[in-house]
Amino acid sequence: MILDKTFNICALQFLICKDTFQLKSHDSLTLFYLWNLCKMLALWTWTAQALFIFLTLDSVGGEIIKPCGHIIPESPVVAPNTTFTAICVLDEECSNGQGINASHILWKIKNTWVPKEQYTIINRTAASVTFEDVSSLGSLLTCNILLYGQIEQTVYGIQIRIGWLPEKPKKLSCIVNGQSNMKCQWDPGKETHLDTTYVLKSKWALQPLPDCIPPPGVNNSCIVDLVVVFVNMDVWVVATNALGNVSSDHINFDPIDIVQVLPPHNLSVTKSKQLSSILKVSWTNPDKPFEALKYNIRYRTKDASNWTQIPPEDTTGTRDSFTVQDLKPYTEYVFSIRCMNIEGRGFWSDWSAEKSGVTYEAKPSNAPSFWYTIEPSQGHGYRLVHLKWKTLPRSEANGRILDYEVTLKGGKTSHLPRYINDTKLTLNITDDLYVVSLKARNIIGSSDPSTLTIPEHDFKAHPVTNLKAFPKDNKLWVEWTPSNEPVNKYILEWCVLSNSLPCTTDWQEETSAVKLTFLRGNLKESKCYLITVIPVYDDGPGIPKSVKAYLKQAPPSKGPFVRTKKVGKNEAVLVWDHLLVDDQNGFIRNYTIFYRTSSGNETAVHVNSSHTEYTLSPLASDTLYMVRMAAYTDEGGKDGPEFTFTTPKFAQGEIEAIVVPVCLAFLLTTLLGVLFCFNKLDLIKKHIWPNVPDPSKSHIAQWSPHTPTRHNLHSKDQMYPEGNFTDTDVSVVEIEANEKKPLPEDLKSLDLFKKEKITTEGHSSGIGGSSCMSSSRPSISSNDESESGQNTSSTVQYSTVVHSGYRHQVPSVQVFSRSESTQPLLDSEERPEDLQITENGGSGDGASPRQQYFKQNCHQDDIGPDLSHFERSTQVSSVNEEDFVRLKHQQMSDQRSQSSGSRQMKDFEDISAADNSHAGAEGQIQRFESIGLEAETDEGMPKSYLPQTVRRGGYVPQ
Amino acid sequence: MISVSPRLIVPLPGLTPLLRAGLKVDLQSHSSASSFPHLEAKIRQTHSLARLLTSYAEQLLQEYVQHQGEPFGLASFSPPGLPVPGLNSPAPTHSGLPTLERLQLDAAALNSLSPLLDTIRHLQADLNPFARRLLRRLEEASHQSRALGSAVEVVLGALGAAPGPPGPNPTLPESPGVFLAKLLGYRVCGLYQEWVSCTEGDLGQLMRAGLG
């Protein structure tokens with residue numbers, strides 16, 4: 001008692017301590033240590049108090065020192081929403097000694113003072129406090145007194161527990177498992193928040209039975225160990241806690257009525273060799289209490305999930321075996337049994353453990369599916385036939401198939417039966433008609449024969465019509481319309497179409513009545529099946545018919561790869577390949593082309609699945625397009641890779657359409673210009689190329705006594721022995737020109753012009769076109785000089801080159817070329833050595849061809865010294881058309897003049913005259929200029945144009 | 001699992017045959033005529049229990065013999081008629097007694113057998129601690145003996161007969177030897193079989209008389 005009170009005080013101190021430190025409930029570790037400390041303190045306090053009690057006994061009364069008061073009740077447990085009253089009773093001695101009474105009592109909940117309105121002073125030493133609602137009393141309730149000086153002193157404290165009275169247990173029910181074990185359950189109701197015990201009580205009519213106490217943590221069930229059936233018992237539940245106890249309603253029953261007997265055990269299944277359709281099931285019945293039982297017997301084949309139950313009326317009455325009939329031969333059956341009281345009292349037992357047995361064998365009930373493939377005739381009148389058949393399902397084999405009997409009839413020879421363990425056989429037979437029969441054999445007997453007719457090799461029969469295949473219920477169904485001919489059976493063949501794998505055929509057989517069936521194979525989704533239906537007639541098989549189908553389609557695994565075939569300014573031709581069948585995963589229903597610019601919206605175009613090309617239009621020119629393509633099956637689509645192309649800025653031929661007219665216009669303009677120039681040639685010539693008087697026609701030439709006769713030309717050696725100009729008067733104008741100095745612009749232009757003429761020089765006939773040397777007389781003359789020269793009669797200024805600058809340009813070097821020859825320049829033309837010598841003085845590559853050229857020409861002179869100058873001129877004639885024409889004319893005239901040398905001169909003069917009037921001046925001047933310039937530039941030293949009357953190096957002033 | 005309520009029994013032909021058999025039925029204890037079928041059902045129920053316990057008693061005796069070793073179980077084994085103070089086998093004259101009296105004797109014997117079977121179980125727990133099924137059967141037999149005695153008393157009460165004077169408490173030697181303990185157990189199991197079988201017969205006779 002003292003220890004309890006001490007501990008209570010300690011608990012009070014603990015709570016105060018906890019409040020002081022403001023500890024919260026979740027500071028569990030701290031609380032734990034504090035509580036242990038408190039217990040230790042309590043122990044010490046009790047020890048100290050005990051010691052104090054024993055050491056400080058009241059000398060007067062000899063009584064133990066007591067607390068200054070206490071609270072009634074000591075450990076209250078109250079239900080919510082109830083009124084609670086606590087009384088604090090002060091100790092008399094304490095009250096008298098300290099001069100306090102009940103009016104000094106103050107109540108406190110935790111740290112909160114209870115209002116004095118709730119106080120009631122019962123007497124001088126007792127005061128109570130009443131709470132209308134105890135829900136706030138979860139904390140410590142303390143009784144305190146206020147001493148002198150407002151000193152607060154706690155007298156006592158109690159901890160109030162709040163909870164509910166247990167609810168009345170409901171829904172009590174029991175069941176007896178087996179013989180003596182009974183389990184009862186009930187609904188305990190709501191949580192009481194107090195320690196509540198549940199006890200299952202029972203009794204017989206006159207004797208109480210031991211209580212059943214649920215194991216710890218269980219408040220809603222209990223298992224009664226010993227139960228006796230055939231005697232009624234009362235059962236009820238009592239729930240008890242600090243607030244009281246509540247009893248459930250009593251139930252009275254005979255346990256035999258709630259017995260769930262144990263299931264039959266030790267099942268065994270035996271077969272009968274006499275009857276392949278029966279199995280006998282035996283078992284051991286459960287022990288008492290029931291003497292009479294009834295049963296449920298169920299069975300199924302091993303692979304089935306549904307049970308078949310023996311009619312209950314056949315299994316009424318206690319028994320330990322039952323023979324099940326109408327079973328399939330050589331089939332494994334599974335059995336299970338349960339039982340209950342025959343009168344229906346109690347419950348059915350659980351189903352027993354399953355036990356299986358196999359019925360005895362019987363002869364095969366069906367013939368095997370039988371088919372063949374045939375290889376084309378190997379020649380020599382034989383062919384290979386591959387017979388194949390399917391193993392009978394267990395339900396039809398009715399036993400273990402030992403072998404197959406194959407019998408062949410037909411041909412010219414007799415055949416013995418063959419016994420095959422395999423399911424295929426290859427025969428080499430003739431092209432005659434054969435009948436093959438097949439039987440499956442087991443230990444009991446043979447099946448009915450399955451017969452096939454192998455017709456002659458050219459046999460043909462009607463096919464089925466309206467063949468179609470479709471998926472349904474996760475199966476691939478095939479439907480067809482039979483032909484009008486009577487059919488024995490149908491053969492369905494199928495294989496997976498693949499790009500990578502061969503089409504491995506599977507097959508099945510259907511009876512003649514079947515027009516709709518499904519493929520009994522391990523079909524896969526997203527695979528294209530090629531299904532073939534072959535009707536089999538008496539005479540042989542009909543023509544196969546095929547159809548493609550999918551068990552289940554899926555979106556393609558790849559999209560089509562689109563690319564451009566042709567890209568135009570406003571259109572693009574797209575092409576793609578059909579997807580491989582392995583990638584299709586279904587029937588491609590359509591394609592969709594998506595195309596867009598880099599910044600524009602995407603446009604979709606739907607294309608029929610049969611197409612492999614499509615023209616996108618209109619497109620913007622010079623624009624980058626991104627295009628991709630999706631292929632769609634019934635289950636969805638798949639995009640292919642994106643392809644990018646750019647439309648050109650111009651359409652094909654557009655540039656040509658612009659350039660060609662422009663060129664044509666330019667050419668036309670040029671042509672018109674040329675025509676114009678030709679029409680205005682004289683005018684142009686007058687302004688650009690004024691006529692240069694032909695020295696040969698000069699009057700001086702006519703009257704000069706030194707004028708050599710034209711036809712009296714000498715050979716090179718004769719004309720220029722030792723390279724000296726002895727027979728020619730040439731006035732030389734020394735042109736000081738620094739070869740390092742560039743030519744003046746006008747000379748440059750002339751130089752260019754000369755270069756152009758170089759190519760034609762060798763072919764030109766020169767002035768008059770009479771001599772190979774006709775172009776070797778260069779001459780540069782100013783227009784003015786030439787104009788003036790035309791009128792010179794006594795002293796002909798053949799040419800004057802005055803570097804006065806072209807169009808006010810000042811030449812660096814003045815070059816003069818004067819001719820005061822009293823002979824026609826053609827004299828010097830007739831002496832190519834002049835030029836040869838001149839050119840020999842120079843060096844450079846440009847000289848060699850010219851030398852060769854001259855040499856050739858002159859060589860010809862050597863070869864044909866009798867040839868006239870005109871003939872020689874033809875050999876060096878220019879490709880110039882005019883010259884060519886002229887030379888042709890000359891040749892013709894030469895031919896005519898072969899016989900008459902006297903006419904040559906005349907002809908020459910005529911031609912020269914024509915040249916003068918036509919292009920002679922032009923051609924001559926051009927040739928002269930070019931050669932002259934060439935002499936300057938190529939030889940690198942000033943060329944001298946020697947007047948025929950002046951020795952070389954001399955100079956005759958005008 | 002179902003909630004159990006008092007079972008409705010199909011009314012039997014009535015108590016007239018019982019009355020014809022000379023039984024004094026305490027009609028005061030049955031407030032309504034519906035109690036008569038209940039009485040017959042009670043007799044039938046108790047008879048079923050007696051029959052069930054008879055079979056169990058046979059199994060118990062066999063089980064007991066199996067666990068005692070030789071000479072128990074031998075065909076030539078003839079144990080001495082060891083007396084159990086306060087409890088004897090049904091007397092040969094038992095069948096000649098009036099029905100209610102026989103039932104009273106049955107109830108008294110069954111009630112006495114229950115503690116005897118408990119004692120035997122304790123003895124066997126020392127001798128054959130691993131014979132769980134035997135121990136279990138002994139425990140069940142004690143409980144069932146008490147149940148049957150109580151059920152017979154209920155029938156007696158329903159028939160207006162007093163339970164009968166309680167007989168002297170049977171006692172067994174406090175520390176018998178092993179063989180003696182085995183013999184005592186053999187004897188008690190035999191007595192149990194005899195009395196439940198006797199009770200079955202008495203109740204059967206009562207039931208036949210009532211249904212006749």
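For the numbers below, each heavy atom of this structure counts, side chains included, while hydrogens, waters and symmetry mates do not. Here is how names work: the chains are called A, B, and so on, in the same order as the sequence lines, proteins then strands, and each is numbered from 1.
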Item to check | CG/A/Asp187: more than 12 non-hydrogen atoms of other groups inside 6.0 Å | outcome: yes
Item to check | A/Val228 vs B/Leu49, side-chain contact (heavy atoms from CB on, under 4.5 Å): CA-CA, chis, key distance, verdict | outcome: CA-CA 8 Å; A/Val228 180; B/Leu49 174 61; 3.5 Å; yes
Checklist entry - Do the non-hydrogen side-chain atoms of B/Val154 and A/Leu206 ever get within less than 4.5 Å of each other? => result yes
Item to check | Worked check of side-chain contact (heavy atoms from CB on, under 4.5 Å) between B/Leu52 and A/Phe230 | outcome: CA-CA 9 Å; B/Leu52 176 66; A/Phe230 294 120; 3.9 Å; yes
Item to check | A/Glu313, CD atom: more than 12 neighbouring heavy atoms under 6.0 Å | outcome: yes
Next on the checklist: Taking CG in A/Asp326 as the centre, count heavy atoms belonging to other residues, nucleotides or ligands within less than 6.0 Å. Is the count above 12?
Outcome noted: no
Checklist entry - Do B/Lys42 and A/Asn232 touch side chain to side chain, with heavy atoms closer than 4.5 Å? => result yes
Next on the checklist: For B/Ser150, which atoms come within 4.5 Å of any heavy atom of chain A: side chain, backbone, both, or neither?
Outcome noted: both
Checklist entry - Hey, are B/Arg136 and A/Asp225 close enough for a salt bridge, meaning a charged N less than 4.0 Å from a carboxylate O? => result yes
Item to check | A/Lys170 atom NZ: more than 12 heavy-atom contacts under 6.0 Å | outcome: yes
Item to check | Closest-packed option against chain B by number of heavy-atom pairs under 4.5 Å, given A/Leu226, A/Val231, A/Leu209 | outcome: A/Leu226
Checklist entry - Passes side-chain contact (heavy atoms from CB on, under 4.5 Å), B/Arg146 versus A/Trp204? Steps please. => result CA-CA 10 Å; B/Arg146 195 153 53 98; A/Trp204 290 318; 4.2 Å; yes
